[in-house]
J.: 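Please see the structure below; I have some questions.
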Amino acid sequence: MSETAALNMQDIPQRQLPEHLELQRTRVFCKADAPAHISKKVMGSTACYVDVQKESKLATDDLKDLITEDVEYSGGYAGIGFDNSLQVDDFRRDFKVEIKNLSMDVIEFDMIGIDASLANAFRRIMIAEVPTMAIEKVLIVNNTSVMADEILSHRLGLLPIEADPRLFDFLSENDTPNERNTIVFKMEVHCKRRGPRLAVKSDQLKWLPNGSELLMESPNPSTKPRRFTSFSCSQASLPQISGRPIGMKHLDIIITQLGPGQSIELEAHAVKGTGKVHAKWSPVGTTWYRMLPEVKLLKEVKGNDAEKLVKKCPKKVFDLEDVGHAMKKAVVSKPRDCTLCRECVGGAGEENIALRRVRDHFIFTVESTGALPAEVVFTEAVKILEEKCERVISELS
């Protein structure tokens, strides 16, 4: 991109940025050796830009900040009559969510018209603040396997449970475990003495809708013994649960192995929690986003150069198009698949190709653990962010 002195710039219409400034405002440029972008430094009414390629001592975190920063200062372009501040009406008009791929455990969608900070807020909420049900307390009656009690308990806690957390309450320190805040499972497995080794899988955990079956030890033998939960009714009789039996999401997860003569007998209590307390409550295996890649051919690439370019790209972003006379040219066929590996701009390729990312267009991928459907994880994250915003507005008012 050519640099033009401010005094030599042509007159432009008011409320409109010149092309090179509009590109710098809305795109991240990826050069052959490093991303080249602008730092948010505003002096008066003129935006000052820093080329990352010339900043050899930039740390990795600094580089990330440069890539994701926006020139959001409301007076950044006031000198040329352009208002780049965030307006609610503009946000409502431009914001879009487009679902590209959807299954029970994976969703891929585009969020268009948002800032990187908002995209990251959704990501963090989905990881750490959307609640699920997970095993918190394990009462071990007998464990003669080679796996220690604490390791066995930890593995049980990571099993995804097929139970809608919206139907349950959080269990605080002062609450009594009941049918509204606790789910109880039982496991009783024994390996025969002269039999083969036995793999203990998640399907061995059986739901106890009536609550705990174990009795608590009482210091007074004359008092009636109590159980570890106080269910007033069976969970299977609750209207919201009766049609959806509770159990493990995946029945073939191996927990441990038993040798001949070994056995495990335990009771596991699951409660509602969030990922910021422990990772076992996180509803996602992982969730990430990336800015939409944009690949532009600055010049026509034909003949042998076109074939070389197509072979260079590991993601097959480019394709050949017949232009007649036994001549073919390169075209960009799948820009969304570009990972910005920069293979295509190596050597002299940088003069022919522009690699960019669209700053306000994010491609989200959410992989659920199975505790909640992937689309529900996102919708719940939206509700949580909405509650946070309402809380802030209420406090400020």
J.: Using 0.5 Å steps for rounding, measure from the CD1 atom of I253 to the CD atom of Q204.
T.: 13.5 Å
J.: Which is it for S117 and D115 under the side chain to side chain donor-acceptor pair (under 3.5 Å) test, yes or no, and what are the steps along the way?
T.: CA-CA 5 Å; S117 58; D115 182 71; 2.6 Å; yes
J.: Out of R27, R336, R357, H361, which residue meets the side chain to side chain donor-acceptor pair (under 3.5 Å) rule with E294?
T.: R27
J.: Does any N or O in the side chain of S394 come within less than 3.5 Å of the main-chain N or O of E390, such that one atom is a donor and the other an acceptor?
T.: no
J.: Measuring from E367:CD to I107:CD1, what's the distance to the nearest 0.5 Å?
T.: 12.5 Å
J.: Check this for me, if you would: do R227 and E267 make a salt bridge, where the nitrogen-to-carboxylate-oxygen distance has to be below 4.0 angstrom?
T.: no
J.: Taking A354's backbone N and O only, do any of them form a donor-acceptor pair with K296's side chain (distance below 3.5 Å, no angle check)?
T.: no
J.: So, are K383 and E386 salt-bridged, with charged N and O less than 4.0 Å apart?
T.: no
J.: Just wondering, more than 12 heavy atoms not from H278 lying within 6.0 Å of its NE2?
T.: yes
J.: Do any N or O atoms from the side chain of S145 and from the backbone of L258 form a donor-acceptor pair under 3.5 angstrom?
T.: no
J.: So, S103 versus D105: side-chain donor-acceptor pair below 3.5 Å or not?
T.: no
J.: Atom CG of L156 and atom CD1 of I264: how far apart are they, to the nearest 0.5 Å?
T.: 8.0 Å
J.: Counting only heavy atoms not in K201, do more than 12 fall under 6.0 Å of its NZ?
T.: no
J.: If the threshold is 4.0 Å, N to carboxylate O, is there a salt bridge linking D305 and K299?
T.: no
J.: If you count the non-hydrogen atoms of other residues, nucleotides and ligands that lie under 6.0 Å from CZ in R92, is the total more than 12?
T.: no
J.: Any side-chain to backbone donor/acceptor pair from R359 onto R25? Under 3.5 Å, distance only.
T.: yes
J.: Using only atom types and a distance under 3.5 Å, with no angle test, would you say the side chain of R123 pairs donor to acceptor with the backbone of W288?
T.: no
J.: Could you check whether D164 pairs with R166 (Lys NZ or Arg NE/NH1/NH2 to Asp/Glu carboxylate O, under 4.0 Å)?
T.: yes
J.: Under a plain distance cut-off of 3.5 Å, with no hydrogens placed, do N178 and S230 share a side-chain donor-acceptor pair?
T.: no
J.: Is it the case that atom CZ in R244 sees more than 12 heavy atoms from other parts of the structure closer than 6.0 Å?
T.: no
J.: As an exercise, state the distance from CD1 of I363 to NZ of K100, rounded to the nearest 0.5 Å.
T.: 8.5 Å
J.: Between R124 and E129, is there a side-chain N and carboxylate O pair less than 4.0 Å apart?
T.: no
